[in-house]
Amino acid sequence: MPPSTPSPSPSTPQRSSIPSTPSTLVSPRYPAPDLSSLPTVFILAAKLASDRRDALAKWLVEHRAPVTYDVHKARIVLANVERFARARLELRGLGLWTEKAEAEGEVSGVVKSVGGVKEERGTSPRKRMRVGEGAVRSGKAGREGKRRRVNEDLENDLEAASPRPPASTVTAGSDGETTASDNSISPKPPPNIKVIKLHWLNQVMATSALLPYTPYLIYEARPVSRPSTPTPAIPSTTPSTPIPSSPAPQPGLAILQRAREDALPVKTSTFAPHGSRRFHTFHPTKHTPKLPARVTTEYEGEDTDIPPAPAWVRDKLLFSCQRRTPPNPPNAEFIAQLGKIKHARLLTDDEIGVRAYSTCIAAIAAYEYPLRHPAEILRLPGCDTKIANLWIEWRNTGRVAEADAADSDPDLQIVNTFYNIWGVGATTARDFFYRRGWRDLDDIVEEGWSSLPRVQQIGLKYYDEFLDGIPRAEVEAIAETIRAAAVRVRDPGIEILVVGGYRRGKEYSGDVDVIVSHRELAMTHNLVVDVVGALEDEGWVTHTLLLSLAASERGQATLPFKARVPGGRRTGFDTLDKALLVWQDSVWEGMEEGGKKAKNPNPHRRVDIIVSPWRTVGCAVLGWSGGTTFQRDIRRYANKVRGWKFDSSGIRDRRTGEVVALEGERGVRGGIGDAERAVFEGLGLFYREPWERCTG
DNA sequence: AGGCCGTACTG
DNA sequence: CAGTAC
DNA sequence: GCCT
């Protein structure tokens, strides 16, 4: 029995707002140093509270220093960072690509930490890893056998739950992107820029004396055109510098946040004539000014920092059903990271967090280019600074700390094991662990079996088998068996369509979803029961997890919602009848041999049979073919845009309750595919192929 | 400052 | 009603 | 977490 104090809930999201620093700003009452002789100064917003940055800038201005908000005009960059690599990264984030210039003046001792700078402020990630706790687990004598078995289970889970990209080696963002220079305009090479620790300014303010930069110099930056063509072969092109990529994953914090802030004060010069457009492209302004965008595209490939926004991005199409989302998007690896975080939100009962991550995942999955710049994320609907920062982290370090933490959290792994039991959701899974103290499946079996609801017992019994993917051929065979049974209990007018992941093209499906219909209304009435009965008799169905008949019965009893339908028309729109089944192929090698019951070795499968009246079969197919985000967005879209209530059994007007018969009163004349197209069209949506609905 | 899909079954 | 499923 |  585990300790009665299983450890508190894991990984609270913890917003990473930067603690606004207690501003050490001492406004000088002295006449102070006259800084008018300084070269143009730019304050890098990195790791700096915006108000503090403002205060510093204000102080500089008061002392007549030339301050700019355009990094391209700067000769001096003040940076609240310690290391060369980081500083260069931040500049790059602003569209300024630089390299270390080993010349021009003081090459003095390389970058070395200035003595007094111990413990910069504002740098306390405080990861709140859970510690201890884990050690307790390993003990537990006497359960060796099961422990091993369950470990296997666990691994299976993780495999199935989140198809993880192979560790992947996204090299640190040091290496090139594309595009060459656009500073062909300027004949003479731009002057070098001194990147100096912000501490310099602190000292200047404290001492009221203009101090030399040299002790604070991070590096002398020579602007360069962006490297063209990644030269993908070389993994780490980071020039010499013995600095290891970055030991502590403490990646680009609020770069975007800062970018936004940058954008504001600069408003005077949004169209300022200075040459570089890059700075503009970085502006996360909500709607990109059309003119510059056009101009950029006309510059034709070479110096466009980021690809032009696809139409759905430009038009801010919020709903994933308004765009195509292919199965293997170019940014799948990053999406997988977001998926881990989303899954952790799921396990912690954070429905809203799940929604948020689902939305941004769907958006990025629809984005047709490999991401190269955070600004590309910022312009996607459902994505903002949080996501963009995660991407920056991913790009720079090849990891996403939050995702790794979620993935490896031992408590969450246990909860996940339970969550994978069919019929067990996040709440119960967490209850099993945190309240009952169970830590593996055998704990449940031994201590709680008899108290489990029937479906959870079934889910437990076939735990591994349900987690196995079902190959397409087997899906097809099962569907055909269902069709044959339906024909047998009705007539050859039966039409079926396999929906779900299979229809989206997946090689392996988690379950089998089959829509069964018939053009004659009477034929679909009570069809589920008859079909399931037949399949049971034939030995295909071993368990019925759930049977939903709301349709047939309630449909004729009373008309839900809008009680009064004048006269003749009996709307009787059955909500869908459906059956959630456990399936097992009833024929196997050697079944007739010997005694009689050798055991059926075939795996158990989850099979859903959905019966739809022809009238609404398009809705049924649409409602059952999309990824979950696609489905939710269909409903949201129907609601917000048309004022309708969509579900897979039909569409109603929210105000009047009237049925909206997009497929006609008696269904379409063509086939099931035509019915679905009719629904798309009626909703005002372009048709999306099933494999373009892979929103996750 | 409130919303985030809509519905049905089990216990 | 809460929980789960699709 | 993002949007209205």
Side-chain angles (χ1 to χ4, degrees), chain A residues 13-17 286 316-321 338 341-342 345-346 349-363 377-378 380-390 402 418-419 421-432 451-459 466 499-501 510-515 528 544-555 560-561 573-581 606-610 619-620 622-640 644-652 654 695:
Chain A
Q14 184 199 341
R15 50 191 69 251
S16 56
S17 63
K286 272 309 181 183
K316 297 265 165 244
L317 296 188
L318 249 296
F319 304 98
S320 60
C321 51
L338 298 177
I341 300 177
K342 170 187 161 186
R345 299 285 188 276
L346 195 56
D349 248 331
D350 175 10
E351 283 306 323
I352 306 307
V354 174
R355 245 307 296 200
Y357 278 93
S358 299
T359 305
C360 72
I361 285 172
I377 292 186
L378 285 178
L380 298 181
C383 297
D384 208 304
T385 57
K386 167 74 183 196
I387 308 304
N389 281 322
L390 289 176
E402 198 174 346
F418 297 158
Y419 180 78
I421 302 170
W422 198 92
V424 172
T427 304
T428 305
R430 297 171 58 75
D431 183 70
F432 283 176
S451 68
L452 296 180
R454 189 183 78 104
V455 294
Q456 290 178 2
Q457 291 177 336
I458 295 171
F466 286 174
V499 288
D511 62 5
V512 182
D513 304 299
V514 180
I515 304 265
V528 229
T544 300
L545 292 166
L546 180 147
L547 208 51
S548 180
L549 303 173
S552 303
E553 295 171 3
R554 199 262 309 281
F561 237 57
F573 49 94
D574 324 54
T575 83
L576 298 192
D577 288 346
K578 72 183 174 199
L580 311 188
L581 308 172
R606 280 275 305 103
V607 172
D608 296 338
I609 297 177
I610 302 102
C619 288
L622 174 54
W624 282 77
S625 293
T628 57
T629 304
F630 190 92
Q631 294 174 199
R632 281 190 307 200
D633 283 351
I634 285 272
R635 299 184 216 283
R636 236 156 39 90
Y637 171 90
N639 180 8
K640 307 288 187 216
W644 295 342
K645 184 190 293 249
F646 175 95
D647 90 308
S648 53
S649 67
I651 300 174
R652 281 169 295 181
R654 281 192 122 85
T695 56

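All figures in this text were calculated on a predicted structure; none of them were measured in a lab. Letters A, B, ... are given to chains in the order of the sequence lines, protein chains preceding strands, and every chain is numbered from 1.
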Rounded to the Å, how far apart are A:Leu622 CG and B:dG6 P? 14 Å
Take atom CD of A:Glu351 and atom P of B:dG6, then tell me their distance rounded to the nearest Å. 15 Å
How close or far is atom P of D:dC2 from atom CD1 of A:Ile361, stated in whole angstroms? 12 Å
Correct closest heavy-atom pair for A:Phe418 and A:Phe432 would be CD1-CB, 3.4 Å
Spacing of the C1' atoms in B:dC5 and C:dA5 (rounded, Å): 13 Å
Indicate, with a heavy-atom threshold strictly under 4.0 Å, whether A:Ile610 touches base, sugar-phosphate, or nothing. nothing
Ignoring backbone atoms, establish whether A:Lys386 has a side-chain N or O less than 4.0 Å from OP1 or OP2 of D:dG1. yes
Nearest to side-chain heavy atoms of A:Arg632, which nucleotide of B:dC5, B:dT7, D:dG1: B:dC5
Of the options B:dT7, B:dC4, B:dC9, whose atoms approach the side-chain atoms of A:Ile352 most closely? B:dC4
With a non-hydrogen cut-off below 4.0 angstrom, is A:Asp633 in contact with a base, only sugar-phosphate, or nothing? nothing
Give A:Val424 one of three labels, base, sugar-phosphate or nothing, depending on what nucleic acid heavy atoms sit under 4.0 Å from its own. sugar-phosphate
Is the phosphate of D:dT4, meaning OP1 or OP2, less than 4.0 Å from a side-chain N or O of A:Lys640? no
Go through D:dG1, B:dT7, D:dC2 for me and flag the one nearest to the A:Asp647 side chain. B:dT7
If you take all heavy atoms of A:Tyr637 and A:Cys321, which pair is closest and at what distance? CB-SG, 3.9 Å
Walking along DNA chain C from 5' to 3', note the first and the last nucleotide with an atom under 4.0 Å from a heavy atom of chain A, and give both. C:dG3 to C:dC6
Sugar-phosphate, base or nothing in reach of A:Leu545, heavy atoms under 4.0 Å: nothing
Without decimals, in angstroms, what is the distance between A:Trp644 CH2 and B:dG6 P? 15 Å
Under the criterion side-chain contact (heavy atoms from CB on, under 4.5 Å), which of A:Ile387, A:Asp384, A:Thr385 is the partner of A:Ile377? A:Ile387
Base, sugar-phosphate, or nothing: which does A:Leu547 touch, judged by heavy atoms less than 4.0 Å apart? sugar-phosphate
Would you indicate, yes or no, if B:dG2 has its OP1 or OP2 atom less than 4.0 angstrom from a side-chain nitrogen or oxygen of A:Arg355? no
Atom-pair distance (CD1 on A:Ile609; P on B:dC9), nearest Å: 17 Å
Sugar-phosphate only, base, or nothing, as touched by A:Gly423 at under 4.0 Å among non-hydrogen atoms: sugar-phosphate
So, using salt bridge (Lys or Arg N to Asp or Glu O under 4.0 Å) as the criterion, who are the partners of A:Arg636 when residues are at least two apart? A:Asp633
Start with the C-alpha gap between A:Trp422 and A:Leu580, add the side-chain angles, then the distance that decides, and say whether side chain to side chain contact (heavy atoms under 4.5 Å, CB included) holds. CA-CA 11 Å; A:Trp422 198 92; A:Leu580 311 188; 4.0 Å; yes
Begin from the C-alpha positions of A:Thr628 and A:Arg632 and carry the test side chain to side chain donor-acceptor pair (under 3.5 Å) through to its verdict. CA-CA 6 Å; A:Thr628 57; A:Arg632 281 190 307 200; 5.2 Å; no
In whole Å, what is the span from the CG atom of A:Leu549 to the P atom of B:dC9? 7 Å
Using the salt bridge (Lys or Arg N to Asp or Glu O under 4.0 Å) criterion, which residues pair with A:Arg635? Sequence neighbours excluded. none
Of D:dT4, B:dT7, B:dC5, the nucleotide closest to the side chain of A:Arg636 is B:dC5
What is the distance, to the nearest angstrom, from the CG atom on A:Leu378 to the P atom on D:dG1? 15 Å
Any A:Arg635 side-chain nitrogen or oxygen under 4.0 Å from OP1 or OP2 of B:dC5: no
B:dT7 P sits how many Å from A:Gln631 CD, rounded? 14 Å
Considering only NZ, NE, NH1 and NH2 on the basic side and carboxylate oxygens on the acidic side, decide whether A:Lys645 and A:Asp647 come within less than 4.0 Å. no
Base, sugar-phosphate, or nothing: which does A:Thr428 touch, judged by heavy atoms less than 4.0 Å apart? sugar-phosphate
